[in-house]
Amino acid sequence: MRFRNAIHITIDNFSSVFKLLLYSVLTGAVFMSLSYLIIRLGLDGIFSGSPTKEVAGLIKGFFNAIVTGDSNFLNAFHDTFAVAFNDFKELLLNSTGAIVGTFFGVAAIYLLSRFMNGLGRFAVAGTMNDRMGTFSRTKFSSSYFKNIAKGALYEVIYVPLIFLYDVIMVLVCWFAFFEVPALLSISGWVSVFFSLAFTTTAVACLEALKMTLISAWIPGILADEKGVSLAFRDSLRAKKHFGRRFASFLVAVYLIIVTNVLFALCTFGSALLVTLPLSFVFLLALQFVQYYEDNSKKYFISSRTITGGEEKPNGLDE
């Protein structure tokens, strides 16, 4: 029933998908432009250096020689490219400071972009909570500025924590993809299939665990007006229906993976403009349904349907 209610709430808040998409496109354009500017300014010496141009020219000439059958170029390519690449490596070593500075600059922009995108999702969560609590339709902009203080504090804690969690996930996936088949002495196409299956399972389980642990964080802030730190602590300590919540999020993660991959393949990636923000809205809906149900709070599914709580309202469908 919780999963079904989350789907109903997602459909009822479907307009938030396009608002979140527009917000993400605008912020993404800004931060991609800033990243490009930092890379160009920081690494201009490398891009414009003669060793870089020579290596790029040799690579381009290599493919042209293959197409045209220029045997003289191909015979001399190995020695010529080795000399050019040594000059390129020397250029990189001499530009270590610029490379490190550019890396940290782009990393800072990336974290800032996640912070800003998180504010957009927090605004969507605010509109969803108002819809479930009072069946009112709050504007995205109104929710954004109304909850910006709480949302900013939430993102300040959330972004670095999830960044570290993502790093751990990458390490686990690396181990699952490259090391586990070797430990089990699996080789050939079976190794590739097993690695993909095991890595996908690891990603789904780790994502479901993350969502289970923080599922009551945003709802606690918005539905019960808890402090950001208190809501985070209560979410981590919430043991009621832990297994049910984990199973729901695990199914949700698999559903999101299949939906996004299938629609991306069938539409050459264009459907991701809708399915990706829709995935975020659905996960928010599932978090709020879990929170309302676990805390016996009534909520609207439609104008005539209220559910949750210990007692069913008279004259209303469950």
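Side chains are part of it too, since the values below use all heavy atoms of this structure and drop only hydrogens, waters and symmetry mates.
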Exercise for review: Begin from the C-alpha positions of Tyr144 and Thr138 and carry the test side chain to side chain contact (heavy atoms under 4.5 Å, CB included) through to its verdict.
Suggested key: CA-CA 10 Å; Tyr144 187 90; Thr138 305; over 6 Å; no
Taking atom types as modelled, find out whether [X] and [Y] have a side-chain donor-acceptor pair closer than 3.5 angstrom.
X      : Y      : result
Tyr23  : Asn117 : no
Asn147 : Ser143 : yes
Thr307 : Asn5   : no

Do the non-hydrogen side-chain atoms of [X] and [Y] ever get within less than 4.5 Å of each other?
X      : Y      : value
Glu225 : Lys150 : yes
Phe135 : Ile306 : no
Arg4   : Met1   : yes

Any donor-acceptor pair under 3.5 Å from [X] side chain to [Y] backbone:
X      : Y      : result
Asn129 : Ala125 : no
Thr68  : Asn64  : yes
Thr52  : Ile46  : yes
Thr259 : Ile256 : no
Ser95  : Leu92  : no
Thr80  : Ala76  : yes

If you take all heavy atoms of [X] and [Y], which pair is closest and at what distance?
X      : Y      : result
Ser235 : Ala216 : OG-N, 3.2 Å
Leu58  : Ala84  : CD1-CB, 3.6 Å
Phe47  : Arg40  : CD1-NH1, 3.6 Å
Arg2   : Leu286 : O-CD1, 4.4 Å
Arg137 : Asn13  : NH1-OD1, 4.1 Å
Lys226 : Ala231 : CB-CB, 4.1 Å

**Study point:** Arg244 with Asp294: basic N within carboxylate O range, under 4.0 Å
**Key:**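 Judged by the 4.0 Å cut-off on N to carboxylate O distance, Arg244 and Asp294 do not form a salt bridge.
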Review point. Should the pair Lys139-Asp130 be classified as a salt bridge under the 4.0 Å nitrogen-to-oxygen rule?
Key: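 Between Asp130 and Lys139 there is no salt bridge, as every charged N stays at least 4.0 Å from the carboxylate O atoms.
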Check your understanding: With a 6.0 Å cut-off on ring centres, are Phe282 and Phe3 close enough?
Key ->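 Phe282 vs Phe3: aromatic centres under 6.0 Å.
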In Å, rounded to the nearest 0.5 Å, how long is the span from [atom1] of [X] to [atom2] of [Y]?
X      : Y      : atom1 : atom2 : result
Leu255 : Asn260 : CG    : CG    : 9.0 Å
Arg245 : Lys239 : CZ    : NZ    : 11.5 Å
Glu293 : Tyr299 : CD    : OH    : 3.5 Å
Glu207 : Asp166 : CD    : CG    : 7.0 Å
Ser215 : Tyr291 : OG    : OH    : 10.0 Å
Ser24  : Phe280 : OG    : CZ    : 7.5 Å

Practice item. May I ask you to establish whether Lys19 and Phe140 are in a cation-pi arrangement, using a distance under 6.0 Å from NZ or CZ to the six-membered ring centre and at most 45° from the ring axis? Key: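 No; the conditions do not both hold, so Lys19 does not lie above the ring face of Phe140.
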Greater than 12 external heavy atoms within 6.0 Å of [X]'s [atom1]:
X      : atom1 : value
Phe81  : CZ    : yes
Phe246 : CZ    : yes
Phe103 : CZ    : no
Lys210 : NZ    : yes

**Study point:** Sole residue of Leu284, Ile9, Thr10 in side-chain contact (heavy atoms from CB on, under 4.5 Å) with Val289
**Key:**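 Answer after filtering Leu284, Ile9, Thr10: Ile9.
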Exercise for review: Start with the C-alpha distance between Phe14 and Leu278, add both sets of side-chain angles, then the distance that settles side chain to side chain contact (heavy atoms under 4.5 Å, CB included), and finish with yes or no.
Suggested key: CA-CA 8 Å; Phe14 194 75; Leu278 179 62; 3.9 Å; yes
**Study point:** Parallel, tilted or perpendicular: ring planes of Tyr292 versus Phe288, cut at 30 and 60 degrees
**Key:**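 Correct class here is tilted.
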Exercise for review: Please work out whether the ring planes of Trp217 and Phe232 are parallel, tilted or perpendicular, with thresholds of 30° and 60°.
Suggested key: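 Judged by the thresholds at 30° and 60°, the geometry between Trp217 and Phe232 is tilted.
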Check your understanding: When hydrophobic residues are tied together by side-chain contacts of less than 4.5 Å, even through go-betweens, does Phe198 share a cluster with Phe175?
Key ->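 Same cluster: Phe198 reaches Phe175 through Ile, Leu, Val, Met, Phe, Trp or Tyr contacts under 4.5 Å.
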Review point. Can you name the residues that form a side-chain hydrogen bond (donor to acceptor under 3.5 Å, both in side chains) with Ser248, not counting sequence neighbours?
Key: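 So Ser248 forms a side-chain hydrogen bond (donor to acceptor under 3.5 Å, both in side chains) with Gln290.
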